[in-house]
Amino acid sequence: MLEIKYVRQNLLEVYNCLEKRGDTADLDTFEKAETARREILSEIEALRHKRNVVSDEIAGLKKKGKDAEEIVAQMRDVSGRIKVLEKSLTESEEKIQEILIRLPNIPHPSVPVGKDEADNQLLRKVGTPREFEFTPKPHWTIGENLNILDFERAAKITGARFPLYFGAGARLERALINFMLDLHTTDHGYTEVLPPFIVNRKTMTGTGQLPKFKEDLFKLEGWDYFLIPTAEVPVTNIYQDEILDESQLPVYYTAYTPCFRSEAGSYGKDTRGLIRQHQFNKVEMVKFTTPETSYDELDALLDNAETILKKLDLPYQVVVLSTGDLGFSAAKTYDIEVWMPAQGKQGKYREISSCSNFEGFQARRAGIRFKRKGKKGTQPVHTLNGSGLAVGRTVAAILENYQQADGSVVIPDVLRPYMGGMEIITI
RNA sequence: GGAGAGAUGACCGAGCGGCUGAAGGUGCACGCCUGGAAAGCGUGUGUGCCUGUAUAGGGCACCGAGGGUUCGAAUCCCUCUCUCUCCGCCA
């Protein structure tokens, strides 16, 4: 959420940012309601001040045993008037809130202006895609041939877009989770967290999934609870409505969770394989930092995610999302795209991690603030997060990049200890 | 599922219609003391909003959330949420 005062005082800038994102909002209504709100508030506060003063007088009179009926009657009117004004104040506030809660974050000045993902800026390519002496197969074919993936039975159990792993496939998924968590906790300084996978409405609103994107979420029937679409949601909200001390920052958390996404509106896209599932595993990194350090922390977080791919020896590229492709809550986002040799006609880079700085946007929504030593007041922390990495897509990338002509798949060196020494997956 | 208890400031904890933004303590900051530290002593220390050029001043709100009673509510009433204890059930 943007600060109400900021929006009021920078209406034009907010409008420009919306345009860059290809988004709109009713800023006219906002402005009118905000003006009304402040007028009503002044009047209410003046009346309440009067009530406070006179109430003291009444207390004084009663103490002396004098009659106060006349001013008591007066105050009855004042209180009535306050009640009426409070109602219209609430109306104005609701109008404002409705607009404010749906306003996206202001992109960082370094974010390239663009319409969509075609305008994302390529930052670097790392690793060289392997030359195949045969036509590489897509991961779903490899997985099904090796009997480690079974999408048909998954569809029978639940429906389309659910995974079912067997044997070495299930173990590979688990090995990746453990490998990633171990790396982040041991080498990168993160604390491991195992959060709830179901959260309430307030938490979903805190990180920005609600109210605007409710159609992307799975909601529990009969409960005001939702399945998490990413660990970002429960982990960022750990400090919801708390005031941290500056000395506690930065905080680094990493968490493995399954992620649940309705993928509404993506019918017909990536219908096969592990790329787009309603349920997938992910290891996430989350940071809470001071405003001064958040962009350095973003670079470090991106590097932590890239390290996984380097260790797995998977080729990838890093792009900066353009204003048109930037997520609702983010001020700046880097996507890491892994090389998938069997996607499309000649292979494709596919998103496997998204690393963002939300600045104070989520912190304001979720009430996560910090206090500086010797300084009055508080300010929102900066929150960041990034996938490190999406596990299902990593399995897909390994199957495609490490496949051999006979249909077997070589296990990357770093994962072998996690696979009980297994070096190759064969039938 | 049944019975009961509770939710107050960064934290602990008193208050139970006006004198309470809130006693006391802890923590923190500054000062005194000390060779230095600890202890001790003293002073200070909530958040948000409105107004304002102002980190000056003035005002309003906030004691789990929402509603009600009252001239006036942390204090009384109602609803909800959460926490804890006991019983039952259960991975």
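So that the names make sense, note that chain A is the first sequence line, chain B the second, and so on, each numbered from 1.
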Classify the nucleic acid contact of A:Arg8 as base, sugar-phosphate or nothing, counting any heavy atom under 4.0 Å across all strands shown.
sugar-phosphate
Base, sugar-phosphate or nothing for A:Tyr239? Non-hydrogen atoms, less than 4.0 Å.
nothing
Tell me what A:Leu41 touches on the nucleic acid: a base, only sugar-phosphate, or nothing, going by heavy atoms under 4.0 Å.
sugar-phosphate
Assigned partner base of B:rU20, Watson-Crick or wobble definition, under 3.5 Å
none
Using only heavy-atom distances, determine whether the side chains of A:Tyr316 and A:Glu337 contain a donor-acceptor pair under 3.5 Å.
no
Given B:rC60, B:rU47, B:rG72, the nucleotide with the shortest approach to the side chain of A:Asn52
B:rC60
Out of B:rU47, B:rC50, B:rG18, whichever nucleotide has its closest atom nearest the side chain of A:Glu45:
B:rC50
NA contact type, A:Lys5, heavy-atom cut-off 4.0 Å: base, sugar-phosphate, or nothing?
sugar-phosphate
Which part of the nucleic acid, if any, lies within contact of A:Arg37, taking any heavy atom under 4.0 Å across all strands shown: a base, the sugar-phosphate backbone alone, or nothing?
sugar-phosphate
Check this one for me: any side-chain N or O of A:Lys83 less than 4.0 Å away from OP1 or OP2 of B:rU69?
yes
Interatomic distance, A:Arg38 CZ vs B:rC50 P [rounded to whole Å]:
7 Å
Is there a donor-acceptor pair under 3.5 Å between the side chain of A:Ser353 and the backbone N or O of A:Ser387?
yes
When you get a sec, tell me which of B:rG59, B:rC71, B:rU47 is the closest nucleotide to the side chain of A:Arg76?
B:rC71
Which whole number of Å gives the distance between the C1' atom of B:rU8 and that of B:rU75?
11 Å
Please report, rounded to the nearest Å, how far the C1' atom of B:rG67 is from the CD atom of A:Glu86.
12 Å
5' precedence on RNA chain B between A:Ile44 and A:Arg369 (nearest-nucleotide basis):
A:Arg369
Remember a base hit wins even if backbone is also touched, and classify A:Asp245 as base, sugar-phosphate or nothing at under 4.0 Å, heavy atoms.
nothing
Spacing between A:Glu39 atom CD and B:rU51 atom P, to the nearest angstrom
10 Å
Give a yes/no on whether any side-chain N or O of A:Thr378 is located under 4.0 angstrom from OP1 or OP2 of B:rG48.
yes
